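To keep things clear, I will list the structure first and then write my remarks on it.
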Amino acid sequence: MKRILIVGAGGQIGTELVPHLQKLYGTENVIAGEVREEVVEKLNETCNAVQMNALDFESYRALVEKLEIDAIYNLVALLSAKGEANPLLAWDINMGALMNSLKIAKEFNCKVFTPSSIGAFGPNTPHKNTPQDTVMRPNTIYGVCKVSGELLSDYFFSKFGVDSRSVRFPGIISNGCLPGGGTTDYAVEVFYEVFKSGKYTCTVPHDAYMDMLYMPDALEATTQLMEAPAEKLIHRNSFNIASMSFTPEELFTEIKKRIPSFTWNYDIDPIKAAISSSWPDNMDDSCARKEWGWNPKWGLQEMIDDMLKACEQKVAQGLY
Ligand code: SER
């Protein structure tokens, strides 16, 4: 990979993937593509950013040609809860961006990375130790897009030889940029609220047990998989990856051990409740471990300590 384009670079993952890739491949070789003009301006302070719309095939194609891109990280997506509020738009955005990325990758021989998700699974998937290859019948539009995206990406590989790769991300916890519209967002928001107001109202049920991942491991997974020798990959789209699972109640109790004044309550969003109960408790990530060396470093306790430190500083600086 010599020239990288990150599409949807201003979101939760992109904000941190850009500097991670810059360190690995050189600042000049990483281009951050983003549709929102004000976000492009901000990105331009630290990287080469371009305003682009992944749904506009011709201009997206022209950009890849002009910049001689050979790897695309397609991060464009409406998340699960937001998707349920506008399912037809979610399909158009999530699948439109992916289809354009794959078609352009086919023409210019680019590698493609697209995140899949725990959302690709559904209520009749085995929830404990969810296998790599199992029943996938999600009942959210986000999940429908993720399963379709996995199949489409594998199809572009087998039919046209496009080097497409993907991981099924758990809920990602991070302190660079807030996620928006996801079911697992609570596990990020709470860390800011601890310092802003000292209390948090959670919209996900107290016992919703879900896979989670800390951003440094998410970044490592992304670049490790993209660098893995092709001949080692039995799977491609997409790999289960896992590192920790917990319920809101468990997370908040651990936070309270460190910040005794912290309090919380619940005001359940029925849509998020249904979504969270349909997702795995913990995925079996043995294929990722075997095929490309997935080996997460961050567990619950270290993640909490690191998040509290970072979010305390951000709130003190007035950044959130
Ligand atoms: N974090 C995502 C969501 O909650 C799951 O991939 O929608």
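Since the structure is predicted, the reported quantities are computational estimates derived from the model, not experimental observations. For ligands, and for the atoms within them, numbers begin at 1 and follow the listed sequence.
Every atom of ligand 1 with a heavy atom of Tyr142 under 4.0 Å away is listed here by number and element: 2 (C), 5 (C), 6 (O), 7 (O). Listed by number with element, the atoms of ligand 1 under 4.0 angstrom from any heavy atom of Ser80 are 3 (C), 4 (O), 7 (O). Near Leu79, meaning under 4.0 Å from any of its heavy atoms, are these atoms of ligand 1: 7 (O). Atoms of ligand 1 lying under 4.0 Å from at least one heavy atom of Thr183, given by number and element, are 3 (C), 4 (O), 7 (O).
Looking at Ile141 and Glu84, their side chains come closer than 4.5 Å, going by heavy atoms from C-beta outward. The closest side-chain heavy-atom distance from Ile173 to Trp298 is not below 4.5 Å.
Geometrically, ligand 1 and Trp279 share no nitrogen or oxygen pair separated by less than 3.5 Å. Taking distance alone, with nitrogen or oxygen atoms compared against 3.5 Å, Ser117 approaches ligand 1 more closely than that limit.
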Quiz item: Passes side chain to side chain contact (heavy atoms under 4.5 Å, CB included), Lys272 versus Ser276? Steps please.
Solution: CA-CA 6 Å; Lys272 289 187 185 173; Ser276 59; 5.7 Å; no
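Environment of CD in Glu68: sparse, with no more than 12 heavy atoms of neighbouring residues, nucleotides or ligands closer than 6.0 Å.
Using modelled atom types and a 3.5 Å distance limit, the side chains of Asn237 and Tyr155 yield no donor-acceptor pair.
Results of the side chain to side chain contact (heavy atoms under 4.5 Å, CB included) test with Glu254 over Glu250, Arg258, Lys256 single out Arg258 as the only residue that passes.
The protein heavy-atom contact nearest to atom 1 (N) of ligand 1 is Thr184 OG1, 2.8 Å.
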